[in-house]
Amino acid sequence: MPRPLRALAVLLVCVFAPLAGTHAAAAREVATAEAAFLDYLDALGAAGYIESGGTRAYGGKDLATWQSLVAARLGPLHAALERASGSATLSTDDRAAIAAMRRTLAEHAADDTTAATRDYTCADAQRRDLDYAALRAALVSCYVELGNRLAYGGSTIDRGTALQLLHVTDDPVQRRALFDAFVPLWTALNGRNEVDSPYRRMIALAAADARLHGSQVDAAAKAIGVTTADVERWLVQVLEAWRDANPPTPVEPWDFRHANGVANRELQSRIPAAVLLPVNQRFYAELGADLSQLEVTFDLAARADKSPLAYTDFVTRGREIDGRWQRPRARVLGTYPEGGLFSLNELVHENGHAVHVAAIHTRPAYMDWPDTLFTEAFADVPSWSVHEPVWQRRYLGTAVAEPVSMRALFANVMLDVAWSLFELRMLRDPGTDPNALWTSITHDYLRIVPHPEVPWWAMRVQLVGNPGYMVNYGLGAVLTAEMRAATQAAIGPFDAGNPRWYPWLSERLLRHGSSRDTRQLLQDLLGRPPTPAALLEQVRRCGARLQ
């Protein structure tokens with residue numbers, strides 16, 4: 001090498017070697033923070049598993065030990081994040097990773113809907129001194145204390161079982177009794193619909209919080225690059241499609257599920273509670289996602305103090321150990337003593353979350369769910385299959401007519417869409433009478449007989465535990481229909497199993513964790529922004545018999 005070039009090389013080494021060392025040190029700080037992040041989340045997952053009642057111990061440690069580890073690990077984690085973020089030489093990727101970890105921690109701190117330990121009782125909802133978080137927690141407790149103990153038929157049943165029975169109970173008097181069993185719960189939540197009822201005080205606080213931080217509805221709209229006004233227009237469009245595809249006969253609110261639940265009744269004898277899990281396991285195995293191999297844990301037994309809603313969560317996060325990938329592990333919680341198509345659909349949905357968890361394979365900072373909208377929408381990609389006649393023939397040995405089964409599916413989807421529209425409008429104008437608004441929406445689009453004296457909108461825990469959350473189901477249905485259509489176009493039919501399903505979707509959608517948002521994921525999958533067209537096409541299948 002000529003002397004001048006050798007001198008220049010030496011100069012460059014002298015200039016850039018310290019910078020390289022600084023960058024490497026910053027990267028090590030981030031790696032330390034990421035390891036602490038996973039350790040903290042694993043402790044949180046283990047404590048949550050035990051608190052839920054699903055087990056008495058995990059990994060050889062009891063609840064008190066895991067709770068101590070949660071507390072002990074949080075401070076060092078925050079300190080590690082502070083050290084890592086303080087470097088002026090952080091790469092763009094590392095800065096994004098630190099921001100992602102902080103978002104995850106903030107979300108965990110704010111979410112107590114499924115918490116098994118409760119600081120507030122249902123009676124506390126009557127207090128006027130509770131802040132937004134405390135009032136929500138008290139209202140969720142009403143679903144545990146009252147919703148898990150609905151008085152019916154001389155005994156008690158839980159809320160989910162009551163909803164299942166409303167599909168299959170032929171005696172109209174008994175259906176009305178099931179509906180009326182909710183009245184103590186509804187009264188605890190909304191009193192006599194006074195302007196200062198617990199729910200109406202809570203929704204006013206929710207709207208105030210949304211003005212400062214944005215609502216779940218705003219977040220869902222942003223996730224797919226549209227406005228909240230666009231979301232409202234889409235929800236109305238979908239509800240209009242349902243109205244136009246179904247008979248014009250008015251139906252009482254306690255009869256709506258039964259009127260649209262012919263498929264539930266025709267298949268009831270084929271879906272006792274005992275077959276729910278085996279059918280799920282067979283279906284997912286034939287999609288290339290063996291639930292046993294993925295080490296999914298199930299907690300399906302009834303308990304009085306159990307979470308009032310079914311959910312899926314991480315037990316452990318994925319990480320590299322001695323150069324080998326250890327996949328994340330999920331647990332599924334639900335209560336299904338009656339079996340049935342409604343319960344089957346929900347359990348397949350929850351297992352959609354479980355296989356999503358198991359597929360995440362990314363750097364530690366992103367070892368979490370992506371946007372809630374995408375997360376809920378994806379879980380329905382497999383769950384909608386149970387309403388397809390080809391699925392029913394393969395896994396149940398019989399099938400109902402397509403329009404009958406589609407009506408059973410989309411009647412429940414339309415309730416989710418109606419709740420989404422309800423929450424959007426309540427958050428926009430919290431002074432609105434919720435009973436009147438719900439009566440208007442369900443009468444105009446679902447042809448349900450008006451009963452403004454009854455707050456029967458209050459069937460879903462999310463309405464009080466996480467106001468605005470229902471949009472992730474209602475708007476999520478738009479994304480579900482898009483993903484189902486795109487997946488089938490790429491790999492072929494999957495409703496009766498397809499071993500390409502899980503590896504194909506894992507690679508394209510699931511492995512990224514929180515590193516990609518809904519807009520990116522759908523753009524990559526569809527090559528365009530989502531629209532309601534695919535969902536509208538599916539809803540029209542309900543009216544095939546009418547044409």
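Counting begins at 1 with the first residue of the sequence.
Within the 6.0 Å centre-distance limit, the rings of Trp369 and Phe314 are counted as a close aromatic pair. Ring to ring, Trp419 and Trp438 are close: their centroids are under 6.0 angstrom apart. If you look at Phe283 and Trp501, their ring centroids are not closer than 6.0 Å. Checked against a 6.0 Å centroid threshold, the rings of Trp457 and Tyr199 count as neighbours.
One finds no salt bridge joining Glu145 and Arg149 here, because no Lys/Arg side-chain nitrogen approaches an Asp/Glu carboxylate oxygen to under 4.0 Å. Checked for salt-bridge contact, Lys222 and Asp218 miss the test: no charged N lies under 4.0 Å from a carboxylate O. A salt bridge is defined here as a Lys NZ or Arg NE, NH1 or NH2 lying under 4.0 Å from an Asp or Glu carboxylate O, and Asp158 with Lys306 fails to meet this definition.
Using a 4.5 Å heavy-atom cutoff, the side chains of Tyr445 and Val236 are in contact. Taking 4.5 Å as the limit, some side-chain heavy atom of Leu522 sits within range of a side-chain heavy atom of Met483. Contact annotation: the side chain of Thr312 never approaches that of Arg331 to less than 4.5 Å [non-hydrogen atoms, C-beta and beyond]. Looking only at side-chain heavy atoms (C-beta outward), Ser514 and Met367 stay at 4.5 Å or farther from each other. At least one side-chain heavy atom of Leu309 sits less than 4.5 Å from a side-chain heavy atom of Arg159. Using a 4.5 Å heavy-atom cutoff, the side chains of Val217 and Leu427 are in contact. Side chains of Arg394 and Arg282 form a contact here, defined as non-hydrogen atoms less than 4.5 Å apart. Between Asp416 and Asn412, every side-chain heavy-atom pair lies at or beyond the 4.5 Å cut-off.
Nearest heavy-atom pair across Gly352 and Phe378 is O-CE2, 3.7 Å. Nearest heavy atoms, Ala181 versus Leu150: O-CD2, 3.4 Å. Summarising the geometry of Leu185 relative to Cys142, their closest heavy-atom pair is CD1-O, 3.5 Å, with the distance given to 0.1 Å. The shortest non-hydrogen separation linking Pro198 to Leu139 is CB-CD2, 3.7 Å. Nearest heavy atoms, Gly476 versus Ala377: O-CB, 3.3 Å.
Formation of a donor-acceptor pair under 3.5 Å by the Asp495 side chain with backbone atoms of Val390 is not found in this model. Judged by distance alone, with hydrogens and angles left aside, the side-chain atoms of Gln488 form no donor-acceptor pair with the main-chain N or O of Gly492 at under 3.5 Å. Judged purely by atom type and a 3.5 angstrom limit, Glu423 uses its side chain to pair as donor or acceptor with the backbone of Met470. With hydrogens and angles disregarded, no donor-acceptor distance shorter than 3.5 Å links the side chain of Ser343 to the backbone of Gly340. Side chain of Asn345 to main chain of Leu341: no donor-acceptor pair is present (N/O by atom type, distance under 3.5 Å, no hydrogens or angles). Here the side chain of Asp230 pairs no donor or acceptor atom with the backbone of Val226 at under 3.5 angstrom.
For the salt bridge (charged side-chain N to carboxylate O under 4.0 Å, His left out) test, no residue two or more places apart in sequence or in another chain qualifies with Asp444. Judged as a side chain to side chain donor-acceptor pair (under 3.5 Å), and not counting sequence neighbours, the contacts of Asp368 are Thr104, Arg317. Contacts of Arg447 classified as salt bridge (charged side-chain N to carboxylate O under 4.0 Å, His left out), with partners at least two apart in sequence or in another chain: none. The side chain to side chain donor-acceptor pair (under 3.5 Å) search around Asn193 returns Asn190, Arg200, Asp433, not counting sequence neighbours. Every residue two or more places apart in sequence or in another chain was checked for a side chain to side chain donor-acceptor pair (under 3.5 Å) with Thr316, and none qualifies. The salt bridge (charged side-chain N to carboxylate O under 4.0 Å, His left out) check on Asp171 picks up nothing, with sequence neighbours excluded. By the salt bridge (charged side-chain N to carboxylate O under 4.0 Å, His left out) test, Arg243 pairs with no residue at all, sequence neighbours left out. Under the rule for a side chain to side chain donor-acceptor pair (under 3.5 Å), the partners of Tyr395 that lie at least two apart in sequence or sit in another chain are Glu286.
Of the inter-residue distances, the one linking Ile271 atom CD1 with Leu347 atom CG reads 11.5 Å to the nearest 0.5 angstrom. Atoms CG and CG, on Leu509 and Leu521 in that order, are 6.0 Å from each other to the nearest 0.5 Å. The OG1 atom of Thr432 sits 9.5 Å away from the CZ atom of Arg425 when rounded to the nearest 0.5 Å. Distance SG/Cys542 to CE/Met414: 7.0 Å, rounded to 0.5 Å. The distance from the CG atom of Leu276 to the CD atom of Gln281 is 11.0 Å, given to the nearest 0.5 Å. Atoms CZ and OG1, from Arg257 and Thr169 in turn, are 12.0 Å apart once rounded to the nearest 0.5 Å.
Donor-acceptor pairing under 3.5 Å is recorded for the side chains of Gln392 and Ser405. In this structure, a donor-acceptor pair under 3.5 Å is absent between the side chains of Asp313 and His353. Between the side chains of Glu453 and Asn435, no donor N or O sits under 3.5 Å from an acceptor N or O.
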Checklist entry - Stepwise, does the ring-ring contact (aromatic ring centres under 6.0 Å, His included) test hold for Trp186 with Phe179? => result CA-CA 11 Å; Trp186 295 337; Phe179 186 83; 5.1 Å; yes
Item to check | Intermediate values then yes/no, side-chain hydrogen bond (donor to acceptor under 3.5 Å, both in side chains), His451 and Glu252 | outcome: CA-CA 9 Å; His451 283 279; Glu252 294 287 356; 2.6 Å; yes
Checklist entry - After noting the C-alpha distance and the side-chain angles of Ile157 and Leu165, does the key distance pass the side-chain contact (heavy atoms from CB on, under 4.5 Å) rule? => result CA-CA 10 Å; Ile157 58 175; Leu165 290 173; 4.2 Å; yes
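Heavy-atom contacts from other residues, nucleotides or ligands closer than 6.0 Å to NE2 of His361 number more than 12.
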Show me the donor-acceptor pairs, under 3.5 Å and distance only, between side chains in residues 288-297 and residues at least two apart or in other chains.
residue, atom, partner, partner atom, Å
Asp290, OD1, Ser292, N, 2.9
Asp290, OD1, Gln293, N, 3.0
Thr297, OG1, Arg329, NH2, 3.4

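Pairs engaging residues 525-538 under the salt bridge (charged side-chain N to carboxylate O under 4.0 Å, His left out) rule: Glu482-Arg528 [sequence neighbours left out]. Residues in residues 371-389 take part in these salt bridge (charged side-chain N to carboxylate O under 4.0 Å, His left out) pairs, two or more places apart or across chains: Glu388-Arg484, Glu388-Arg541. Applying the ring pair (Phe, Tyr, Trp, His ring centres under 6.0 Å) definition to pairs two or more places apart or across chains, those involving residues 143-175 are His167-Phe342.
Cation-pi geometry between Arg175 and Trp254 is not met at under 6.0 angstrom from the ring centre and within 45 degrees of the axis. By the 6.0 Å and 45° rule, Arg460 stacks over the aromatic ring of Tyr473.
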